[in-house]
Amino acid sequence: MPADWDIQADVVVIGFGAAGACAALEASAALEASAAGGRVLVLDRFDGGGATALSGGVVYAGGGTVQQRAAGASDSADAMYRYLRTEVGDVVPAGTLRDFCDGSAAMLGWLESHGVPFEGSLCPEKTSYPTNRHYLYYSGSELSARDLAPPAPRGHRTLGRGTSGGLLFARLAGAVRRAGIEVVPQTTATRLITADGRVTGVECRSLRGAPLWVRAAHRLTHQVTRKPYLYVPKLGRIMHRPADWLERRYGRTFLVAATRGVVIAAGGFGANRPMLRAHAPAARGGLPLATPGDDGSGIRLGAEAGGATGCLDRVSVWRFLTPPPALVRGVLVGPEGKRICDESRYGAAIGEAIVREGGRAWLLVDRAIVTEARRQAHGSTLWFQRLQAWYLLFLAPATAATLAVVATKAGVDPDGLAATVAAYNEAAYEAASGARPTDARADPMGKPSDLLVALDQPPYSLIDFSIRPRMLDPAPVLTLGGLVVAPETGAVLRADGTPLPGLYAAGRSAVGLCSRSYVSGLSIADCVFSGRRAGRHAAGLQPPGAQPPGAQ
Ligand SMILES: Cc1cc2nc3c(=O)[nH]c(=O)nc-3n(C[C@H](O)[C@H](O)[C@H](O)COP(=O)(O)OP(=O)(O)OC[C@H]3O[C@@H](n4cnc5c(N)ncnc54)[C@H](O)[C@@H]3O)c2cc1C
């Protein structure tokens with residue numbers, strides 16, 4: 001164990017995104033409430049924000065939130081639980097999911113109490129992300145799963161124009177500052193320090209003490225690189241090299257003692273290409289939703305200290321058919337012309353179905369759908385969705401007067417496509433005739449009957465929705481797995497299921513609620529839930545024995 005610590009805190013949080021901020025806030029509140037008080041320190045390789053600050057700022061919440069009630073949408077914790085069970089599966093115990101749902105409305109209230117604004121303006125149409133007129137929407141596959149649970153809109157988008165994750169993080173960062181929590185920027189955790197099997201501190205490489213120009217150049221390089229890194233990763237990696245070099249050249253070792261606990265909240269591994277290749281080869285061709293900080297270092301730190309990892313192969317690949325909403329009435333087929341899923345499902349579920357087809361799929365639409373989608377393309381989209389919609393409607397399709405010709409043009413099996421359309425149209429005619437009771441599904445794939453419209457107006461178009469690198473129509477990829485944690489405490493677990501004393505993990509560094517399948521808002525919701533849990537328990541843990549030597 002090193003003899004000299006540079007700094008000491010009760011709880012040390014590695015990473016300052018949503019999970020890290022929530023862990024720090026909760027740890028600080030827990031220490032404040034105890035007679036002893038204590039110090040919480042947050043370390044970040046850059047200035048904080050991570051993927052959270054670039055995100056859409058959608059938080060999955062329900063069970064009767066203030067915003068749901070304002071929108072006139074009824075919901076219950078039980079309905080939320082029954083729907084989420086279909087997405088979450090057994091990746092967390094049923095009791096954990098139950099706690100999440102029971103406390104969901106209060107959790108949103110907790111975010112609001114820290115300054116994060118939400119609004120109950122309900123989006124009337126199916127979309128991947130609502131425009132600046134709406135801040136509450138059906139962000140998962142709730143409508144497709146209405147047989148299992150009454151559907152409710154649970155995507156609570158932070159009230160802010162554009163992609164509102166920046167505002168969500170800014171408000172959390174403000175709350176962290178107001179709570180007197182110290183954030184140490186430009187400091188990378190490189191190793192966990194252990195003594196007698198317990199994590200007692202963190203070894204870092206820090207630009208603290210580096211010349212001012214070095215810190216300014218590092219900060220600036222990272223700031224200007226974040227967006228190119230996200231949208232054009234090759235260019236982003238080149239642009240980010242000076243920041244990596246400054247860290248290597250000017251970084252100094254810095255030792256931080258944690259007397260109660262360390263929380264790893266350092267994001268996922270979307271920026272670590274070898275890890276992605278090893279664990280999720282099917283995601284090749286997708287666009288990792290990652291910042292340079294998502295290099296898997298948090299997961300590595302925990303694993304090197306003896307923690308087990310899980311769900312690393314669970315990588316969500318998103319393929320949204322909407323907006324424009326009319327496209328949901330099309331039929332999604334694989335290379336053999338066979339239908340592959342209910343087109344009204346959430347983009348990650350559609351992405352998973354396309355991955356099962358070897359990454360290749362096309363949406364069949366007819367003239368009526370194309371005409372309506374073109375009309376909707378402007379009003380129902382934000383700028384980035386508009387570019388994508390124009391590409392899909394004007395550049396991507398193969399079009400022809402007959403199904404046989406359009407199939408041949410696109411490289412889809414014509415006989416398979418003809419059989420698929422015949423069966424689909426038959427179900428659509430049956431739905432339109434009212435031959436079934438309204439709650440019964442005519443469509444074997446389970447698409448809601450109101451979206452089931454026969455494809456019988458030529459010309460037909462096959463729009464390529466395959467997963468491959470495309471600037472205007474990328475397939476976003478999000479890593480979902482991480483360190484295995486105890487459901488009650490967030491403590492990192494060894495392979496034998498015993499907790500590693502002094503170590504916790506949260507957000508995308510850990511296995512959590514969204515680690516099996518993602519619906520919009522569930523990652524940030526899990527960051528808040530798991531971050532608060534880890535912070536609370538890290539602060540409450542009694543340190544065994546003496547203070548580290550040399551502690552300040
Ligand atoms: C464009 C985009 C849109 C998205 N939209 C949504 C959405 O609307 N809703 C939703 O739920 N999810 C969304 N996601 C996913 C979601 O944003 C992330 O999964 C989530 O924010 C991760 O939070 P986190 O706290 O785990 O990590 P992050 O927010 O990434 O924070 C991790 C922090 O750790 C730091 N760090 C990393 N390694 C180290 C180290 N070794 N030492 C010190 N610091 C380190 C990083 O610099 C970073 O600041 C989106 C993602 C993107 C990119």
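Whatever order the structure lists ligands and atoms in, that order sets their numbers, starting from 1. Numbering starts at 1 and runs along the sequence shown.
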Participant: Which atoms of ligand 1 have any heavy atom of Ala189 under 4.0 Å away?
Facilitator: 40 (C), 41 (N), 42 (N), 43 (C)

Participant: Which bit of Thr187 is near ligand 1, meaning a heavy atom under 4.0 Å away: side chain, backbone, both or neither?
Facilitator: backbone

Participant: Judged by non-hydrogen atoms, does Ser520 sit under 4.0 Å from ligand 1?
Facilitator: no

Participant: Please state which part of Leu54 comes within less than 4.0 Å of ligand 1, counting heavy atoms only: side chain, backbone, both or neither.
Facilitator: backbone

Participant: Relative to ligand 1, is Tyr229 under 4.0 angstrom through side chain, backbone, both or neither, heavy atoms considered?
Facilitator: neither

Participant: Which atoms from ligand 1 have a heavy atom of Ser297 less than 4.0 Å away?
Facilitator: 38 (N), 39 (C), 40 (C), 41 (N)

Participant: Side chain or backbone of Phe169 under 4.0 Å from ligand 1, or both, or neither, by non-hydrogen atoms?
Facilitator: neither

Participant: Can you confirm, on distance only, whether ligand 1 has an N/O atom lying under 3.5 Å from any N/O atom belonging to Gly20?
Facilitator: no

Participant: Does any N or O atom in Tyr518 lie less than 3.5 angstrom from one in ligand 1, N or O only?
Facilitator: yes

Participant: Any luck finding a side-chain donor-acceptor pair between Tyr129 and Ser164 under 3.5 Å?
Facilitator: yes

Participant: Which bit of Ala51 is near ligand 1, meaning a heavy atom under 4.0 Å away: side chain, backbone, both or neither?
Facilitator: both

Participant: If you count the atoms of ligand 1 from 1 in the order shown, which ones are under 4.0 Å from a heavy atom of Ala19?
Facilitator: 25 (O)

Participant: Validate the cation-pi geometry between Arg98 and Tyr81: distance from NZ or CZ to the six-membered ring centre under 6.0 Å, angle to the ring axis within 45°.
Facilitator: yes

Participant: With a heavy-atom distance limit of 4.0 Å, tell me whether Cys204 approaches ligand 1 through its side chain, its backbone, both, or neither.
Facilitator: neither

Participant: For ligand 1, which part of Leu522 has a heavy atom less than 4.0 Å away: the side chain, the backbone, both, or neither?
Facilitator: backbone

Participant: For ligand 1, is there an N or O atom under 3.5 Å from any N or O atom of Gly56?
Facilitator: yes

Participant: What part of Ser523 sits under 4.0 Å from ligand 1 if we count only heavy atoms: the side chain, the backbone, both or neither?
Facilitator: both

Participant: Just checking, any donor-acceptor pair under 3.5 angstrom between side chains of Ser520 and Tyr346?
Facilitator: yes

Participant: Any chance the side chains of Thr65 and His156 put a donor and an acceptor closer than 3.5 Å?
Facilitator: yes

Participant: So for Thr188, does at least one of its heavy atoms come nearer than 4.0 angstrom to any atom of ligand 1?
Facilitator: yes

Participant: Does the residue Gly298 have a heavy-atom contact with ligand 1, meaning some pair of atoms that are separated by less than 4.0 Å?
Facilitator: no

